[in-house]
Amino acid sequence: MNVPLLDLKAQYKTIKSDIDAALIRVAESQYFILGPEVEKMEQAMSVYIGCKHSFGVSSGTDALLLALMAIGIKSGDEVIVPTFSFFATAGVVARLNAVPVFVDSDKTTFNIDVTQIEKKITAKTKAIIPVHLFGQSADMNAIMTIAKKHNLTVIEDGAQAIGVQYRDGRQVGTIGDIGCFSFFPSKNLGCFGDGGLVTTNNDELAEKLKVMRVHGGKPKYYHKVIGGNFRIDAIQAAVLNVKLPHLDGWSAKRRDNAALYTKLFTESGLAQGEGKTQFNDANAILLPKAVYKNLGHKNFHIYNQYVIRVERRNALREFLTQKSIGNEVYYPVPFHRQECFAYLGTKDADYPVANCAANDSIALPIYPELTSEQISYVVQTIAEFQKTIASSKPKECSNCDCMK
Ligand SMILES: *Cc1c(COP(=O)(O)O)cnc(C)c1O
């Protein structure tokens with residue numbers, strides 16, 4: 001059986017006629033950049049996310065860059081980011097000649113460890129970028145309390161978390177000062193190319209985001225500020241206008257798939273229970289935990305990724321790939337270990353949890369159109385490896401003491 005990590009064709013099949021009509025509509029309009037499709041998409045996003053202002057932008061990365069530019073981040077400013085995320089979260093900070101300051105991960109969610117933020121704050125700190133990793137919210141109350149106390153701006157990186165609710169039911173992207181989203185095709189809501197969104201409830205920031213999206217010209221060709229070309233295309237907006245009404249259904253299917261994985265892994269006898277952080281045996285499997293699951297709102301987790309942990313991760317990857325099961329490691333190298341950030345002189349030992357996660361986590365197929373047969377096959381294959389092969393392979397995380 002073939003189980004790809006992601007199957008975008010399966011999703012396209014289910015909405016093909018609506019998408020094709022939308023693409024032709026844009027072709028016939030010959031209105032390609034910003035314009036009515038984009039405005040319609042922005043209004044729909046504001047309603048869906050529950051924010052006052054939404055602006056479509058050229059990518060999730062550009063959403064973050066524009067947000068940092070809008071709050072005036074400049075050379076030498078410090079911005080706190082989790083060390084365990086997609087590169088863009090830290091890359092945008094460094095591109096403005098500001099200093100990304102890395103924080104280790106929470107053991108259960110791999111989101112930023114909120115207990116370690118305050119000790120990283122200095123007189124130069126201007127902002128925090130929490131990431132809602134894999135599709136569940138970072139601990140925003142704790143983050144907002146710290147930000148308020150130290151007068152910091154909070155930019156939420158919701159690239160993997162559109163529609164996700166925090167413990168109190170508020171949606172991510174409405175809690176901090178600015179929210180950033182990505183419509184890269186592999187995200188839960190993907191367009192047909194690059195695309196992103198910035199959100200805010202702050203009118204002043206909204207005006208800055210809007211003007212800086214088009215080089216900072218207002219009126220056109222008159223520049224009080226320097227922005228960039230951060231515009232989104234009408235084709236992307238048209239695709240998003242078709243897809244957005246399906247998003248909650250897709251997220252529900254991802255949760256169903258996650259629940260089935262959890263059930264089947266538990267029945268295999270190898271799982272140690274959701275959210276456990278230490279391996280009891282060589283063949284143990286640690287399952288992800290949705291920390292806001294029982295609080296009564298629906299999108300407590302949208303499973304952009306379903307990430308398990310095993311001690312022989314690289315050997316398992318090889319085995320799964322042989323068996324035609326898609327898999328990926330998000331992320332093999334935390335920021336503090338990236339060559340391009342060596343100049344920051346960060347101490348590796350300060351990041352035990354992220355180092356561990358980088359060595360022993362592996363993402364499994366979780367996309368909505370996955371069948372229960374495919375999920376069973378993935379679990380059976382992993383169980384076979386864990387029971388018969390794992391103990392003969394070297395541990396990736398041999399000196400790992402992060403979870404003690
Ligand atoms: C995907 C992603 C981004 C960047 O989005 P692009 O649209 O690919 O530029 C930023 N942050 C995180 C956490 C992401 O997963």
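All ligand and atom numbering here is 1-based and tracks the order in the structure.
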Inset, instruction - Would you kindly check if the NZ (Lys) or CZ (Arg) of R337 is within the cone defined by 45 degrees around the ring axis of Y351 and under 6.0 Å from the six-membered ring centre? - result: no
Inset, instruction - Could you pull out the closest heavy-atom pair between A70 and L205, with the gap in Å? - result: O-CD2, 4.2 Å
Legend entry - side chain to side chain contact (heavy atoms under 4.5 Å, CB included) against Q43, all qualifying residues, sequence neighbours excluded: none
Legend entry - Pair H53-D203, side-chain donor/acceptor within less than 3.5 Å: yes
Inset, instruction - Check the angle between the aromatic planes of F341 and F87 and answer parallel, tilted or perpendicular using the 30° and 60° thresholds. - result: parallel
Ligand 1 polar-atom proximity to protein (N/O, under 3.5 Å):
unit_1   : atom_1 : unit_2 : atom_2 : d
ligand 1 : 5 (O)  : S182   : OG     : 3.3
ligand 1 : 7 (O)  : G60    : N      : 2.7
ligand 1 : 7 (O)  : S182   : OG     : 2.6
ligand 1 : 9 (O)  : G60    : N      : 3.4
ligand 1 : 9 (O)  : T61    : N      : 2.8
ligand 1 : 9 (O)  : T61    : OG1    : 2.5
ligand 1 : 11 (N) : D157   : OD1    : 3.3
ligand 1 : 11 (N) : D157   : OD2    : 2.8
ligand 1 : 15 (O) : Q160   : NE2    : 2.8
ligand 1 : 15 (O) : K187   : NZ     : 2.7

Inset, instruction - Salt-bridge test for R170 and D168: reply yes if a basic N is under 4.0 Å from a carboxylate O, no otherwise. - result: yes
